[in-house]
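In what follows, a single structure is set out as structure tokens and then discussed.
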Amino acid sequence: MIFKRILINNFGGLWEKDIELTSGVNVLYGLKETEMNIVFIFVKSMFFGVPEEMQEKNGIYEKAGTEASREKYGGTIWFQHDGKDYRLMREIGAGIHNCELFCEDTREILNGENGALERILGGFSENLFDNTVMVEALGGSSSREMAKELQNKLAVLSKSGDGLVDLGRTEQMLKMWRKGYLTQKERGRKAVQREQEKLSEKLESLQNDLDGLRDQKGQVVQAQAKIYSAAGKEEATVIEEQLQTIEKKNLGMVIAGILAVIVGIIGIVGRFQLTDEMSKIGMDVCIIAAVVAMVYTLTARRKLHMEFVKLKKKKVYLQSQQEKLKSSKEDIDGIYGEKLTAFTNLQSEYQEFELEMSLPTSEDLETQSLNLAMDTIKELSRSIYLEKGRKIRIRASQIFRELTDGKYIEFYGDEGQSLELCLEEGTVLAENLEKENLEMLYFSIQMAAAELFTNETVFPVILDDIFHGKNQDKLMAVFRWLKKQPRQVLLFTNNKDMADIF
């Protein structure tokens, strides 16, 4: 891809900025640092769009409702791709987001948001654009800091791969999914736990009821045992014998009473029939004896009756106690059986909950799958890192060797290790190099990544004043190398010497 013209109508504080470009190396001299950054953001936004949450942050346009928000923001880029000329235009604003891709050769208007632009980009991602198109100056004030920044940049480029598979983002998505499943599992676990606690309370209450019923039944059984014991049976037998004795005595008193009545009647009849005084006195004695006997029998019978009633009540009481205890035992057995059944059912339900808690849930299976996927991604990321890092080091070593006229043969150093450079006379740590050589090595790494991760015809390379302060010889080495490259280069600089060289 070759940019032919960049027209910024209104974007990030730039108005009507028109930049004409050619193939090869283009030096854009005199722009301020903020303006360079705005041009880069503009190019990126034209091809990939601007997320709404970034529009205010990047200062592209003001909040909706202000006077400035009524304006349109955007511009146009003319570029050449696969031998055809295109014009890409975007307009952004409050309630406005238009994108038009126009092929100047076929005079066809393409929908820039509906796959046409993506097909031209050929899967070139925004992440890849950030890592390989825009090359900024190496940060750090000392050689040690610059070497550390260089090592971090190499690690980022090695991990970014070709940009088609964002493993880091994929891993984050998997972590979010896993967190969701774990949260769902925790909610389910707490719900089951609450149900278990309710069942446990019910089981405890039923257990207490069963224990109380067993105690009551034990007391009834003890009372029944006491009643049916030898002493209890003996008491009932004694009462029965006493009742029979009273009945016999009562019968004897009845007979005695009858005899007394007969004697009295005889005495009364004889009293009136006999004329002898002595005989009359004898009859009077019989009558008196009969009366006394009748009074005695009546008194005795009353006492026997009272004792009989008392013993009868005692017998009835014992019988009622037996029936009451029997009925109580039957009632307790019935209630105990019902509560025991309920207790057994609750125990089964509680065991089912415990079994459910012990078995792996669907969330567990999903989590295990996600963990396996994340482990695989880590291994894949490591493999990509090693492979891409190796390729970058090989190609960057070739470029750096060419830029330094063969002084530095190659450099090496994996993740977590300090970068070392190999010379004919030995090795040297990157942190011991001069700043200019570190900047040249950084340039070599960036150019190697741009070659390896992108097609040479996809995007130009945008260099953001990375050669500021370099001496003439190093600038000429960079110039010669860039002139040999097929990729278009946009070099933003405030270095007058560089502008004159290029």
Side-chain angles (χ1 to χ4, degrees), residues 1-6 19-33 35-37 39-40 43 79-80 129 131-140 143 146 149-150 153-154 157 392-411 421 423 430 433-502:
M1 181 183 294
I2 298 174
F3 290 169
K4 301 176 71 175
R5 181 185 173 192
I6 299 175
I19 303 173
E20 296 284 348
L21 301 168
T22 63
S23 61
V25 180
N26 294 265
V27 179
L28 306 176
Y29 173 71
L31 290 175
K32 298 177 182 179
E33 181 65 30
E35 293 176 336
M36 296 180 192
N37 192 45
V39 173
F40 172 71
V43 173
F79 64 93
Q80 187 179 76
F129 184 93
N131 286 326
T132 61
V133 174
M134 182 68 173
V135 182
E136 299 178 293
L138 184 63
S143 294
M146 294 174 71
E149 181 68 21
L150 185 63
K153 185 64 178 179
L154 180 60
L157 291 172
I392 290 175
R393 289 195 301 273
I394 292 174
R395 179 54 184 151
S397 295
Q398 294 173 350
I399 297 173
F400 191 53
R401 184 164 57 248
E402 184 176 348
L403 293 177
T404 58
D405 292 328
K407 179 179 179 181
Y408 296 96
I409 300 173
E410 63 177 346
F411 75 93
L421 290 93
L423 296 80
L433 293 178
E434 296 178 355
K435 292 183 180 180
E436 287 189 349
N437 285 330
L438 285 172
E439 290 174 346
M440 297 283 279
L441 179 58
Y442 172 69
F443 172 76
S444 302
I445 291 172
Q446 285 285 166
M447 293 301 99
E451 287 183 14
L452 294 172
F453 296 161
T454 67
N455 186 288
E456 291 183 352
T457 60
V458 174
F459 270 106
V461 175
I462 302 177
L463 305 177
D464 184 8
D465 204 13
I466 64 172
F467 304 114
H468 182 71
K470 284 187 172 57
N471 61 43
Q472 196 80 2
D473 292 338
K474 295 187 183 299
L475 290 177
M476 289 302 298
V478 172
F479 170 74
R480 288 191 297 268
W481 188 86
L482 286 174
K483 282 293 185 181
K484 294 188 295 182
Q485 307 309 310
R487 187 185 297 270
Q488 185 185 34
V489 178
L490 278 62
L491 174 58
F492 292 86
T493 183
N494 286 317
N495 188 341
K496 187 64 169 60
D497 294 337
M498 182 166 290
D500 293 339
I501 290 174
F502 287 95

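Because the structure is a prediction, the values reported are computed rather than measured.
- With rounding to the nearest 0.5 angstrom, the CG atom of Asp464 is 9.0 Å from the CG atom of Leu491.
- Across Pro460 and Val133, no two heavy atoms sit closer than the pair O-CG1, 3.4 Å.
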Which atom pairs, one a donor and one an acceptor, fall under 3.5 Å between side chains of residues 395-402 and the rest of the protein, sequence neighbours left out?
{"unit_1": "Arg395", "atom_1": "NE", "unit_2": "Glu451", "atom_2": "OE1", "d": "2.7"}
{"unit_1": "Arg395", "atom_1": "NH1", "unit_2": "Gln398", "atom_2": "OE1", "d": "3.0"}
{"unit_1": "Arg395", "atom_1": "NH2", "unit_2": "Glu451", "atom_2": "OE1", "d": "3.4"}
{"unit_1": "Arg395", "atom_1": "NH2", "unit_2": "Glu451", "atom_2": "OE2", "d": "3.2"}
{"unit_1": "Ser397", "atom_1": "OG", "unit_2": "Arg393", "atom_2": "O", "d": "2.6"}
{"unit_1": "Ser397", "atom_1": "OG", "unit_2": "Phe411", "atom_2": "N", "d": "3.1"}
{"unit_1": "Arg401", "atom_1": "NH1", "unit_2": "Ile409", "atom_2": "O", "d": "2.2"}
{"unit_1": "Glu402", "atom_1": "OE2", "unit_2": "Lys484", "atom_2": "NZ", "d": "2.3"}

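- The CG atom of Leu421 sits 5.5 Å away from the CG atom of Leu441 when rounded to the nearest 0.5 Å.
- The closest donor-acceptor contact from the side chain of Gln488 to the backbone of Thr22 lies under 3.5 Å.
- Here the closest heavy-atom approach between residue Leu438 and residue Ser143 is recorded as CD1-O, 3.5 Å.
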Verdict with supporting geometry, Val478 and Met440, side chain to side chain contact (heavy atoms under 4.5 Å, CB included)
CA-CA 8 Å; Val478 172; Met440 297 283 279; 3.8 Å; yes
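- A 4.5 Å side-chain heavy-atom check between Arg487 and Met447 finds every atom pair outside the cut-off.
- Between Gln485 and Val25 there is no side-chain heavy-atom pair separated by less than 4.5 Å.
- The side-chain contact (heavy atoms from CB on, under 4.5 Å) test applied to Lys4 returns Trp78, Gln80, Asp85, not counting sequence neighbours.
- For the pair Val43/Leu490, no side-chain contact is recorded, criterion being any heavy-atom separation below 4.5 Å from C-beta on.
- For Asn37, the side-chain hydrogen bond (donor to acceptor under 3.5 Å, both in side chains) test picks out no residue, with sequence neighbours left out.
- Ring planes of Phe40 and Phe129: parallel class, angle under 30° (limits at 30 and 60°).
- Put simply, CD on Glu149 and OH on Tyr442 are 7.5 Å apart, with the number rounded to the nearest 0.5 Å.
- Taking CG of Leu28 as the reference point, atom OG1 of Thr493 lies at 10.0 Å (rounded to 0.5 Å).
- Using a 4.5 Å cut-off on side-chain heavy atoms (C-beta onward), Leu423 and Tyr408 make contact.
- Two residues are said to be in side-chain contact when any heavy atoms from C-beta on lie closer than 4.5 Å; Leu403 and Lys474 fail this criterion.
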Working note: Leu463 + Leu482, criterion side chain to side chain contact (heavy atoms under 4.5 Å, CB included); need CA distance, chi angles, decisive distance, verdict.
CA-CA 11 Å; Leu463 305 177; Leu482 286 174; 4.2 Å; yes
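- Considering only heavy atoms from C-beta on, Phe479 comes within 4.5 Å of Met476 through its side chain.
- Between the CZ atom of Phe459 and the CD1 atom of Ile2 there is a distance of 13.5 Å, given to the nearest 0.5 Å.
- With rounding to the nearest 0.5 Å, the separation of CE in Met146 from CD in Glu436 is 9.5 Å.
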